[in-house]
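What follows is a short report on a single structure.
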Amino acid sequence: MKLKIVKGTRDLYGDDVKRFQYIEEKARQVFSVYGYQEIRTPIFEKTELFAHGVGEGTDIVGKEMFLLEDRRGRSMALRPEGTAQVVRSVITNNMMRQNNHLRFYYFGPMFRYEQPQKGRFRQFYQIGAEYFGVSTPDADLELILILRQFFKEIQLHEISFQLNTIGCQKSDCRPAYKNKLIEFLQDHVDSLCENCSNRMHDNPLRVLDCKNESCIAVTSEAPKIHDTVCSDCKDHFSELCHMLDDHQVSYSVNFRLVRGLDYYSKTVFEVFSDNLGAQNAAGGGGRYDGLFEIYGAKVVPAIGFALGLDRLALLTSPEKKEQKSVFVVGTDRGAVCKLVATCREEDIICQYDPFQSSMKSQFRQANKSGAWKVLILGEEELKAKQVSVKDMQDGQQTVVELSAVVGYLKKSVAN
RNA sequence: GCGGAUGUAGCUCAGUUUGGUAGAGCUCCGGAUUGUGGCUCCGGUGGUCGCGAGUUCGAGCCUCGUCAUUCGCCCCA
């Protein structure tokens with residue numbers, strides 16, 4: 001049996017785990033300041049949940065889901081994203097009955113069957129937030145402020161924040177724009193890349209997102225969605241922009257930003273970093289006022305975002321906070337274990353060398369572990385019921401009564 | 001799914017040209033007159049050369065396949 005890790009997955013340990021923990025910790029902190037509660041949903045759902053919510057025509061649903069069959073032949077999917085699930089949970093648990101608005105955040109692994117590369121995995125981790133029940137731009141603003149605060153908290157400065165509106169489903173809004181756009185594209189179809197000329201009819205907005213130079217040249221001249229959306233969407237967007245200006249949020253409006261999931265409406269945004277290679281999106285989100293309705297539930301306006309934890313981990317290095325730890329060395333195993341146990345019971349972080357090696361080796365271990373002080377239990381100390389305490393920073397050594405060593409350490413920690 | 005690059009010790013990599021006993025640095029372990037770390041010096045452990053076939057007297061090196069990583073396309077987190 002070959003013990004190999006599955007393609008696009010990885011084991012996280014050592015510094016990787018520290019980075020993840022650091023980011024999660026900061027996220028929890030910021031989310032709780034804004035009144036968000038954690039929600040934990042299953043790692044798999046019925047396939048139809050994602051198919052209906054995210055959209056049958058999207059890449060995620062069309063070719064990237066990990067599908068499995070349960071024992072009765074029902075189709076299940078490992079979750080490719082978080083929003084559909086949180087919405088499902090709000091609906092199945094009837095949460096809006098008792099609340100007119102709700103705030104949730106979540107962490108966890110997501111799964112997409114894609115070609116792995118830098119910052120892109122088949123099992124990847126997201127941090128997400130969803131805000132339900134508020135249709136005014138206050139909610140949009142709040143999520144963007146959370147993002148700003150979070151990035152500040154993890155000391156990530158070199159990111160750019162892009163914003164757009166993609167209108168709503170009303171006939172005089174996105175559908176009208178789509179028609180205008182298709183009409184325009186048809187006149188320039190010869191200049192479009194193969195991919196775009198194929199998808200311009202069923203998904204014309206995606207053409208705006210194409211990186212092909214010739215397509216960019218064409219779409220630069222295309223009608224802009226801002227000029228076509230309905231007055232409601234237009235007001236929503238300009239009000240949001242004013243609010244962002246008012247809060248000194250730096251952002252740029254990118255009319256090419258359209259997002260690949262069907263459920264978005266009005267505001268969409270993405271966060272980019274130049275230090276991520278080809279996968280330069282660290283996070284993204286938007287408003288999805290229509291998703292509850294798609295699921296046959298009463299309409300609830302909502303907005304949310306997701307951040308790629310794996311990608312954030314590539315961009316951040318956790319501040320090193322030293323936890324003062326102690327290392328016990330000695331020749332008498334029993335005495336060493338006893339003192340170690342005593343320290344640990346008193347919540348003093350304590351290690352020892354389990355192999356009873358030479359003093360020299362034990363000190364090497366102590367040094368390697370980054371110990372703050374070494375407690376030395378030699379024959380002389382044992383006889384006198386004392387402990388020599390060596391400070392590993394300055395090398396100074398003092399003798400303390402065995403019975404008083406815990407008190408001594410606790411007092412020293414405070415300094 | 002499609003292109004390009006790469007795969008040799010725990011890590012970073014040489015060795016491939018011209019096939020002939022597997023290398024370096026760092027890490028790790030041990031020692032430097034026996035109860036004391038870091039620095040220095042000395043020594044040691046560690047590799048089915050990604051995996052599988054083929055050519056050959058002989059393959060880390062040549063050929064084919066395969067898996068993985070990586071950079072792009074695509075898409076997104």
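No experiment lies behind these values; they were computed from the predicted model shown. Naming: A, B, ... by sequence-line order, numbering from 1 per chain.
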query: Is the number of heavy atoms from other residues, nucleotides or ligands under 6.0 Å of A:Tyr113 OH greater than 12?
result: no

Rounded [atom1] spacing from [N] to [M] in Å:
{"N": "B:rU40", "M": "B:rG35", "atom1": "C1'", "answer": "22 Å"}
{"N": "B:rU34", "M": "B:rU27", "atom1": "P", "answer": "25 Å"}
{"N": "B:rA68", "M": "B:rA59", "atom1": "P", "answer": "27 Å"}
{"N": "B:rG25", "M": "B:rG15", "atom1": "C1'", "answer": "15 Å"}
{"N": "B:rA9", "M": "B:rA22", "atom1": "C1'", "answer": "10 Å"}
{"N": "B:rC42", "M": "B:rG7", "atom1": "C1'", "answer": "35 Å"}
{"N": "B:rC29", "M": "B:rG46", "atom1": "C1'", "answer": "10 Å"}
{"N": "B:rG43", "M": "B:rU36", "atom1": "P", "answer": "23 Å"}

Identity of whatever pairs with [N] - Watson-Crick or G-U, under 3.5 angstrom:
{"N": "B:rU18", "result": "none"}
{"N": "B:rG47", "result": "none"}
{"N": "B:rG1", "result": "B:rC73"}
{"N": "B:rC13", "result": "B:rG23"}
{"N": "B:rA68", "result": "B:rU6"}
{"N": "B:rC62", "result": "B:rG54"}

Answer with base, sugar-phosphate or nothing: what part of the nucleic acid does [X] contact at a heavy-atom distance below 4.0 Å?
{"X": "A:Ile376", "result": "base"}
{"X": "A:Gly8", "result": "sugar-phosphate"}
{"X": "A:Gln365", "result": "sugar-phosphate"}
{"X": "A:Gly330", "result": "nothing"}
{"X": "A:Tyr125", "result": "nothing"}
{"X": "A:Gly128", "result": "nothing"}
{"X": "A:Gln123", "result": "nothing"}
{"X": "A:Gly284", "result": "sugar-phosphate"}
{"X": "A:Asn280", "result": "base"}
{"X": "A:Glu270", "result": "nothing"}
{"X": "A:Ala366", "result": "nothing"}
{"X": "A:Gln362", "result": "nothing"}

Distance-only donor-acceptor test (3.5 Å): side chain [X], base [N]:
{"X": "A:Arg311", "N": "B:rC76", "result": "yes"}
{"X": "A:Lys390", "N": "B:rU36", "result": "yes"}
{"X": "A:Gln115", "N": "B:rG3", "result": "no"}
{"X": "A:Gln117", "N": "B:rU69", "result": "no"}
{"X": "A:Arg206", "N": "B:rC74", "result": "no"}
{"X": "A:Arg120", "N": "B:rC75", "result": "yes"}

[X] [atom1] to [N] [atom2]: how many Å, rounded?
{"X": "A:Tyr113", "N": "B:rC74", "atom1": "OH", "atom2": "C1'", "value": "16 Å"}
{"X": "A:Lys360", "N": "B:rC39", "atom1": "NZ", "atom2": "P", "value": "12 Å"}
{"X": "A:Arg364", "N": "B:rC29", "atom1": "CZ", "atom2": "C1'", "value": "8 Å"}
{"X": "A:Leu257", "N": "B:rA77", "atom1": "CG", "atom2": "P", "value": "10 Å"}
{"X": "A:Arg19", "N": "B:rA77", "atom1": "CZ", "atom2": "C1'", "value": "18 Å"}
{"X": "A:Lys373", "N": "B:rG38", "atom1": "NZ", "atom2": "P", "value": "19 Å"}
{"X": "A:Leu382", "N": "B:rG35", "atom1": "CG", "atom2": "C1'", "value": "12 Å"}
{"X": "A:Lys63", "N": "B:rC76", "atom1": "NZ", "atom2": "C1'", "value": "11 Å"}

Under a 4.0 Å threshold between the charged nitrogen and the carboxylate oxygen, would [Y] count as salt-bridged to [X]?
{"X": "A:Asp310", "Y": "A:Arg10", "value": "yes"}
{"X": "A:Glu142", "Y": "A:Arg103", "value": "yes"}
{"X": "A:Lys63", "Y": "A:Glu114", "value": "no"}

Is there a donor-acceptor contact under 3.5 Å linking the side chains of [X] and [Y]?
{"X": "A:Arg256", "Y": "A:Thr219", "answer": "yes"}
{"X": "A:Tyr36", "Y": "A:Glu38", "answer": "no"}
{"X": "A:Thr83", "Y": "A:Glu130", "answer": "yes"}

Out of [options], which nucleotide sits closest to the side chain of [X]?
{"X": "A:Asp209", "options": "B:rA77, B:rG35, B:rC76", "result": "B:rC76"}
{"X": "A:Ser361", "options": "B:rG30, B:rU36, B:rC76", "result": "B:rG30"}
{"X": "A:Met359", "options": "B:rG35, B:rG37, B:rC28", "result": "B:rG35"}
{"X": "A:Lys118", "options": "B:rG35, B:rC28, B:rC71", "result": "B:rC71"}
{"X": "A:Lys368", "options": "B:rC74, B:rC28, B:rG30", "result": "B:rC28"}

Comparing nearest nucleotides in RNA chain B, the 5'-proximal residue of the pair A:Asp391, A:Phe272 is A:Asp391

Result for 5'-nearest mapping on RNA chain B, choosing between A:Val6 and A:Gly283, is A:Val6

**Item:** Near-parallel close stack of A:Phe124 and B:rA77 base (under 5.5 Å, under 30°)
**Value:** yes

Q. Strictly under 6.0 Å, is that where the ring centroids of A:Phe255 and A:His226 end up?
A. no

query: Centres of the A:Phe327 and A:Tyr352 rings: under 6.0 Å?
result: no

Check the pair A:Phe107, A:Tyr105 against ring pair (Phe, Tyr, Trp, His ring centres under 6.0 Å), reporting the backbone distance first and the verdict last.
CA-CA 7 Å; A:Phe107 292 99; A:Tyr105 73 88; 5.8 Å; yes

